[in-house]
Number of protein chains: 2
Amino acid sequence: MPQPPLPPSQPTAGRHTRLERAEGDLQHCLLCDRSRGGLCNGVDRDGLEALAHSSRRLVLPPGSTMVEEGQTAEAFFNITRGTVKLFKSLPDGRRQITGFADPGQFLGLSRSGLYAFGAETVDTVHACRFQRPQFEALLNDQPDLKRNLLAAVTDKLAEAQEQMLLLGRKTAREKVASFLLGRAQAEQTMRGDTPPDPMPVASVPMTRVDIADYLGLTIETVSRTISALRREKLIASTENHGIRLLSPDALRQIATGQGAG
Amino acid sequence: MPQPPLPPSQPTAGRHTRLERAEGDLQHCLLCDRSRGGLCNGVDRDGLEALAHSSRRLVLPPGSTMVEEGQTAEAFFNITRGTVKLFKSLPDGRRQITGFADPGQFLGLSRSGLYAFGAETVDTVHACRFQRPQFEALLNDQPDLKRNLLAAVTDKLAEAQEQMLLLGRKTAREKVASFLLGRAQAEQTMRGDTPPDPMPVASVPMTRVDIADYLGLTIETVSRTISALRREKLIASTENHGIRLLSPDALRQIATGQGAG
DNA sequence: TGGTGTTATTGATTTATGTCAAAACACTCC
DNA sequence: GGAGTGTTTTGACATAAATCAATAACACCA
């Protein structure tokens, strides 16, 4: 189960290459799509002005470090585009990705004042950044925001519990099937597809290393398992980092331990 | 990795044997110790009356079902005494315990309206129960309560992330060492011990089955690992379900993958 | 277009942990 | 106090996934 001792935390290439718009730019909040359960859902015009005033918009290239484990928690982020990976590491370099934050999700909460996790962009990411003190003030002034945040954290906790079941009790095959279904699901709720596509595409912008670190496996096992599912015609690769689920029902059976094989 | 297919969810013996005090009994809130970071921390006299009015006190024997996965989320609980296990299951009976709720902790939040997990008492548990609609009203009226709850959920999320690292990336030995340290830590913060005991006792009221389901191992591996740590004089069993940590530092090294052996 | 570094795949082998089995221990209840 | 039941420990063996090792596919840039 131990991983190869990687060189601990190589410095990130494009860490300071982010673009920032001027603070207080109201447009970015008014234009932001906040219809589907994001943090800013239901916040009124006045609230949006306050939000716009205390947030900045960032555009971050792939592989950017957003948050480093153990550093003081200075900012809170709301993702508007792209995917961020959150992770925790052991001193010898073993790493567990605890989740992927897609558009509409947040990151950066901390109780102790220090980030308990690291966060890095997977692809190009657009995000709103709030400085901590301003954000806390906003929370107290905007009951909608506070309610949305509590709901969002509750969601994250349920997701984390599901992932613990996966990590502790599922086989490699069950893990990979669950992952693909989860990605397809995320894709659909993000796009608001309804009714669900009978053969949805899972967006998989992350590398095998990331998938392995998310599922508690090695890259070889991930690769072998995906190959097996493809051989069995349950999935098919598409262009640009997508995987089409040819039989979501069969995958669901597998993911819940009721599948063949 | 698959577990033996247990018979799915045997009915609980003492499920309806709980004692309930009359609703609106103000005493139980006034007498409750809410000094150390519980949900009711900082709530004023008026707030307490409101809390007392909409909560009931329960005393539950060991092995009681508090919450069943998939059922409608009707209540919210605050634990005041004893330990509760939270878990998720697969159809074939494999189970993952996602956490233990000790005094001062809550359980029962849900976004969807259905519980996403089960909860069962480990030993005799005292808890405050709130009906959902009343609790939501309380949250809106009591800003302190809302803040405490957000903080508590944030804590739980951080804990869940730590547990994902354990489940996905730690060896059996590292898992058991982490577990014992965690239990000793919980014991100390609960009792408010400061400075920390150099040879603390971890309270372990749960069975090997529960420990195994919490760590993503089998009971045999848990047993063997505890035996090994005992043979190495790193721990020693005490009376009533306790384990004394003879060398917390060595255990910490092991838990973070830096230990010998 | 071809070269170079990275990422993914596939194969052969090892190993940590799971599975199966039995003995030791701990309670409870007549 | 001993029979009966459940839990924990220990041992022998099996196996899923890790590790080690090549090769193949891809991406990026000159």
Side-chain angles (χ1 to χ4, degrees), chain A residues 1-7 10 13-14 61-63 92-96 122-123 166-177 204-231 235 237-243 254 257 259 261, chain B residues 1-7 10 13 62-63 92-96 122-123 166-177 204-213 215-231 235 237-243 254 257 261:
Chain A
M1 204 173 260
Q3 290 291 102
L6 305 169
Q10 54 276 52
D92 63 5
R94 276 176 286 171
R95 194 181 63 151
Q96 178 65 39
V122 169
D123 46 17
L166 178 149
L167 290 169
R169 290 304 184 206
K170 289 188 181 180
T171 66
R173 188 174 164 87
E174 290 162 0
K175 286 176 175 182
V176 170
V204 185
M206 61 291 288
T207 67
R208 292 284 182 270
V209 175
D210 285 345
I211 300 173
D213 281 350
Y214 181 55
L215 300 179
L217 298 171
T218 59
I219 55 173
E220 293 93 332
T221 298
V222 171
S223 188
R224 273 187 254 274
T225 308
I226 290 180
S227 295
L229 293 175
R230 188 164 30 223
R231 227 177 299 120
I235 61 174
S237 300
T238 71
E239 68 300 344
N240 50 1
H241 298 283
I243 293 184
I254 293 169
Chain B
M1 202 172 264
Q3 289 291 101
L6 303 170
Q10 53 277 55
D92 64 5
R94 278 176 284 171
R95 195 182 63 150
Q96 178 65 40
V122 170
D123 45 17
L166 177 148
L167 290 169
R169 290 306 185 203
K170 289 188 181 178
T171 65
R173 189 174 163 86
E174 290 161 359
K175 285 176 174 181
V176 170
V204 185
M206 61 290 288
T207 66
R208 292 284 182 269
V209 175
D210 286 344
I211 300 174
D213 281 350
L215 299 179
L217 299 171
T218 58
I219 57 172
E220 293 93 333
T221 299
V222 169
S223 186
R224 273 187 254 274
T225 308
I226 290 181
S227 295
L229 292 175
R230 189 165 28 222
R231 226 176 300 120
I235 61 176
S237 301
T238 70
E239 67 302 342
N240 50 2
H241 299 284
I243 294 185
I254 293 169

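Chain letters run A, B, ... following the sequence lines, proteins first, then strands; residues in each count from 1. Just so it is clear, the structure is predicted and the values come from calculations on it, not from any experiment.
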Separation of atom CG in B/L229 from atom P in D/dT8, rounded to whole Å: 17 Å
Spacing of B/K175 atom NZ relative to C/dA16 atom P, expressed in whole Å: 14 Å
Sugar-phosphate only, base, or nothing, as touched by A/S227 at under 4.0 Å among non-hydrogen atoms: sugar-phosphate
Minimum side-chain heavy-atom gap B/R94-A/T171 below 4.5 Å: yes
Length of the line joining A/D123:CG and D/dA27:P, which is rounded to integer Å: 15 Å
Selected nucleotide, minimal atom distance to A/T171 side chain, candidates C/dT9, D/dA17, D/dT9: D/dA17
Interatomic spacing from CD1 in B/I211 to OG1 in B/T218 - rounded to 0.5 Å: 12.0 Å
Shorter than 3.5 Å, N or O on both sides, protein versus nucleotides 11-15 of chain C: list them out with atom names.
{"unit_1": "C/dG11", "atom_1": "N7", "unit_2": "A/R224", "atom_2": "NH1", "d": "2.8"}
{"unit_1": "C/dG11", "atom_1": "O6", "unit_2": "A/R224", "atom_2": "NH2", "d": "3.3"}

Verdict with supporting geometry, A/V222 and A/K175, side chain to side chain contact (heavy atoms under 4.5 Å, CB included): CA-CA 9 Å; A/V222 171; A/K175 286 176 175 182; over 6 Å; no
Min side-chain heavy-atom separation A/I226-A/R208 under 4.5 Å: yes
Phosphate OP1/OP2 of D/dA17: any A/T218 side-chain N/O under 4.0 Å: no
Pairwise 5' ranking along DNA chain D for A/H241 and B/T221, keeping only the more 5' one: B/T221
Bend angle of the helix from C/dT1-D/dA30 to C/dC30-D/dG1, from helix axes over five pairs at each end, nearest 10°: 40°
Separation of C/dT17 C1' from B/L166 CG (nearest whole Å): 15 Å
Any B/R95 side-chain heavy atom under 4.5 Å of B/V209 side chain: yes
Heavy-atom closest pair, residues A/I219 and A/A212: N-CB, 3.7 Å
Nucleotide D/dC20, atom P - distance to CD1 of A/I219 in whole Å: 13 Å
Minimum side-chain heavy-atom gap B/L166-B/E174 below 4.5 Å: no
Atom-pair distance (CD1 on B/I243; C1' on D/dT9), nearest Å: 14 Å
Protein-nucleotide distance (B/R173, atom CZ; C/dA16, atom P), rounded to Å: 12 Å
From CG (A/L215) to CG (A/D210), nearest 0.5 Å: 10.5 Å
Student check: side-chain heavy atoms of B/Q96 and B/L167 closer than 4.5 Å: yes
4.5 Å side-chain heavy-atom contact, B/S227 and B/R230: yes
Contact list (N/O, under 3.5 angstrom) for nucleotides 5-7 of chain D vs protein:
none

A/R169 side chain to B/L217 backbone, donor-acceptor under 3.5 Å: yes
Expected output: side-chain B/T225 to main-chain B/T221 donor-acceptor under 3.5 Å: yes
Integer-rounded Å distance: C/dA8 P and A/M206 CE: 12 Å
